[in-house]
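Encoded as structure tokens, the structure appears first; notes follow it.
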Amino acid sequence: MKFVRNNPQVVQDALLKRGSAVTLDEFLKLDQQRREKLFLVEQMKNRRNLVSEEIGRLKKAGKDAPEMQLEMRELSRQIKEIDEVYKDLENKLQRILLDIPNIPHETVPVGQSEADNQVVRTWGKPREFDFTPKPHWDLGEALDILDFERGGKVTGARFTFYKGFGASLERAVINFMLDLHTSQHNYVEVFPPFIVNRESMIGTGQLPKFAEDMFKIEGQEYYLIPTAEVPVTNLYRNEILDGARLPILHCAYSACFRAEAGAAGRDTRGLIRLHQFNKVELVKFCRPEDSYEELEKLTWNAERVLQILGLPYRVVVLCTGDLGFSAAKTYDIEVWLPSYQGYKEISSCSNFADFQARRAGIRFRNARGKAELVHTLNGSGLAVGRTVAAILENCQESDGSVTVPEALRPYLGGLARIG
RNA sequence: GGAGAGAUGGCCGAGCUGGUCGAAGGCGCUCGACUCGAAAUCGAGUAGGCCGUGAUGAGCGGUCUCGUGGGUUCGAAUCCCACUCUCUCCGCCA
């Protein structure tokens, strides 16, 4: 709040770069009013406290002060009135504040849309097939390892069953990723709740603005998590961490639930866009001065998964117009998918700077002993369903079978080929 | 789900017949003294938000915070109400 007040131009510029039409005039006006009321009411409270103390002293001395009490009764009534107005202003301000997106980092390219994102690097070469490769949904059904049909029957559109080696493969990918990050990249695994409360959703920035993207438990302020980012980042909500513990690195498997409002008609087939999918998430809490370096490391950690699996990918940096609401900078990792004849997002690695930390109240004690906001980061490491889709499509053979990447075989009892 | 107990500072734990209580005491931590060094001992310090002032620093002043929200009162950690959470016992359950 203070930052917005003192740097309205910076925030306004950032909003414009993101292509937002929001203006801050209303905010600044309300804030001015709020502070005036606050100053007034605090002066009155000060007087009340002083006089009440005096009354206490008198009573102790055996005297009475009825006229003082009467005066204070009236003062208290006025205080209550102004407090009411103050709270109203405060609420209005909070609402505006919670809808203001993060300020993009200076290294983020300015742009309007997805088309202005910049490719940072490309790894591996898409394989040349000497036959026509099948999309993973056809492969999966032919191999009887995916069953979209019955997923639709049992639940609805955008739900699926994995069966047999399909189910084992999904599980193998999860375990492989978790083992890699815990043993090679020093992340501490957590297994979070898949349902969180409203405060947590506000903390990471999903609420209040994006309520329609979420599944909410009927009659309760509980939500299905859209990503493990939410419970894991909120692990330390309203805490002051020991600075010596930073950076804190967590990885977490979770199912993810997304309403996909507004995605009707997009990626309707296969594992790409489901209402429920699995993901291994990487989350970091670090000192402000380290966060951009930590973002690079986190992105490498995610890329490493694809490298070991031998799946071609590229990394793009999102432009200001495509950047998520909470992020200051984001790298998307996109895996090659033959059925798309292109690269498809499989991980999104973001530095949120102090945006989530401010909303969630996550701080650390700095060298001078003062509480300071941490920076938070997270990234998929990786989306499991999309990884399985990429394996099926990139590793398929002309006879319809799929060669299992070496690294996964230990997780499948040595199985080298499905089909 | 039924019955009861409780929620206080980094931790433990007083206060709860309402009034200098943001809060005794202990532990922990930081600094200092002692020591060649350490331990022990002694001394000092040790929450956060917001507002004002100031340089968006330090400091100072004010205000709020004793689970959360409301109420009573001149005044509430202390009294009343609601909610949340924790613990114990019973029932049920993976």
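The structure presented is a predicted model; accordingly, all values stated were derived computationally and were not measured. Naming: A, B, ... by sequence-line order, numbering from 1 per chain.
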> Hey, does the side chain of A:R73 come within less than 4.0 Å of B:C74's phosphate (OP1/OP2), counting only N and O?
Replying inline: yes

> Hey, mind stepping through A:F277 and A:L271 against side-chain contact (heavy atoms from CB on, under 4.5 Å) and telling me if it holds?
Replying inline: CA-CA 8 Å; A:F277 63 96; A:L271 298 170; over 6 Å; no

> How far does the C1' atom of B:A7 sit from the matching atom of B:C83, given to the nearest Å?
Replying inline: 14 Å

Pairs: protein N or O with nucleotides 52-59 of chain B N or O, under 3.5 Å:
| residue | atom | partner | partner atom | Å |
| --- | --- | --- | --- | --- |
| B:G52 | OP1 | A:R35 | NH1 | 3.0 |

>> Nearest to the side chain of A:Y86, heavy atoms from C-beta on, is which of B:C50, B:G75, B:G19?
In response: B:C50

>> Tell me the interatomic distance from A:Q220, atom CD, to B:C83, atom P, rounded to whole angstroms.
In response: 15 Å

> Which part of the nucleic acid does A:R77 contact within heavy-atom distance under 4.0 Å: base, sugar-phosphate only, or nothing?
Replying inline: nothing

> In whole Å, what separates the C1' atom of B:G26 from that of B:U8?
Replying inline: 15 Å

> Between B:G48 atom P and A:N366 atom CG, what is the distance in whole Å?
Replying inline: 11 Å

>> When the C1' atoms of B:U20 and B:C81 are compared, how many Å lie between them, rounded to an integer?
In response: 30 Å

>> If you only use heavy atoms from C-beta on, which nucleotide in B:G48, B:C64, B:U63 is closest to the side chain of A:N46?
In response: B:U63

> Roughly how many Å is it from OH in A:Y236 to C1' in B:G48, rounded to a whole number?
Replying inline: 21 Å

> Got more than 12 heavy atoms from elsewhere within 6.0 Å of OH, A:Y253?
Replying inline: yes

>> Taking the P atom in each of B:C85 and B:G69, what is the distance between them to the nearest angstrom?
In response: 16 Å

>> Salt bridge or not between A:E260 and A:R273? Use side-chain N to carboxylate O under 4.0 Å.
In response: yes

>> Just the rounded figure in Å: distance from P of B:C51 to CD of A:E42.
In response: 9 Å

> So, is A:R363 close to the B:G49 phosphate, meaning a side-chain N or O under 4.0 Å from OP1 or OP2?
Replying inline: yes

>> How about NZ on A:K37, more than 12 heavy atoms from neighbouring residues, nucleotides or ligands closer than 6.0 Å, or not?
In response: no

Can you pull every protein N or O that's under 3.5 Å from an N or O on nucleotides 44-46 of chain B?
none

> Taking only residues two or more places apart in sequence or in another chain, which ones pass salt bridge (Lys or Arg N to Asp or Glu O under 4.0 Å) with A:R417?
Replying inline: A:D399

>> Within the supplied structure, the quantity of interest is the number of heavy atoms (other residues, nucleotides, ligands) at a distance under 6.0 Å from A:R409 CZ; does it exceed 12?
In response: yes

>> How many whole angstroms separate atom CZ of A:F364 from atom P of B:G48?
In response: 14 Å

> When you check the phosphate oxygens OP1 and OP2 of B:C51, does a side-chain N or O of A:R34 lie under 4.0 Å from one of them?
Replying inline: yes

> Applying side-chain hydrogen bond (donor to acceptor under 3.5 Å, both in side chains), which residue pairs with at least one partner in residues 94-106 of chain A are found, sequence neighbours left out?
Replying inline: A:H105-A:T107

> C1' atom, B:C34 versus B:G52: distance in rounded Å?
Replying inline: 45 Å

>> Using the P atom as the point on both nucleotides, what is the distance between B:A24 and B:C66, in whole Å?
In response: 16 Å

>> Applying a 4.0 Å non-hydrogen cut-off, can you work out what A:D242 is touching in the nucleic acid: base, sugar-phosphate, or nothing?
In response: nothing

> How far, in whole Å, is B:A77 from B:A14 if one measures between their C1' atoms?
Replying inline: 12 Å

> Roughly, in whole Å, what's the span from CD in A:E90 to C1' in B:C51?
Replying inline: 11 Å

> Rounded to the Å, how far apart are A:E221 CD and B:U68 C1'?
Replying inline: 15 Å

> Do A:R35 and A:D31 sit within salt-bridge range, that is, some charged N less than 4.0 Å from a carboxylate O?
Replying inline: yes

> Relative to the 5' end of RNA chain B, which residue comes earlier, A:M72 or A:K59, by the nucleotide with the nearest heavy atom?
Replying inline: A:K59

> Across the strands shown, which category fits A:L38 at heavy-atom distances under 4.0 angstrom: base, sugar-phosphate, nothing?
Replying inline: sugar-phosphate

> Rounded to the Å, how far apart are A:K80 NZ and B:U73 P?
Replying inline: 8 Å

> More 5' along RNA chain B: A:D31 or A:A371, using each one's nearest nucleotide?
Replying inline: A:A371

>> Check this one for me: any side-chain N or O of A:N49 less than 4.0 Å away from OP1 or OP2 of B:U63?
In response: yes

>> Can a side-chain donor-acceptor contact be found between A:Y331 and A:E296 if the only test is distance below 3.5 angstrom?
In response: yes

>> Taking CD in A:E221 as the centre, count heavy atoms belonging to other residues, nucleotides or ligands within less than 6.0 Å. Is the count above 12?
In response: yes

> Does the base of B:G19 carry an N or O that pairs as donor and acceptor with the side chain of A:E53 under 3.5 Å?
Replying inline: no

> Would A:R57 and A:E54 pass as an ion pair if we require N to O under 4.0 Å?
Replying inline: yes

> How would you list, by chain and number, every residue that makes a side-chain contact (heavy atoms from CB on, under 4.5 Å) with A:S52, sequence neighbours excluded?
Replying inline: A:R48

>> Below the 4.0 Å mark, does B:G75 have OP1 or OP2 next to a side-chain nitrogen or oxygen of A:S76?
In response: yes

>> Expected output check: what is the dot-bracket annotation of RNA chain B, where ( ) and [ ] are pairs inside the strand (brackets for crossing ones), | is paired with another strand, and pairs are Watson-Crick or G-U under 3.5 Å?
In response: ((((((((.[[[..)...(.....]]]((((((.......))))))(((((((.....))))))).[[[[[..)....]]]]])))))))....

> With rounding to whole Å, what would you report as the distance between B:G18 and B:A94 at their C1' atoms?
Replying inline: 50 Å

>> If the test is side chain to side chain contact (heavy atoms under 4.5 Å, CB included), which one of A:R73, A:R77, A:E71, A:M72 qualifies with A:L75?
In response: A:M72

>> Take a 6.0 Å sphere around CD of A:E289 and say whether it holds more than 12 heavy atoms from other residues, nucleotides or ligands.
In response: yes

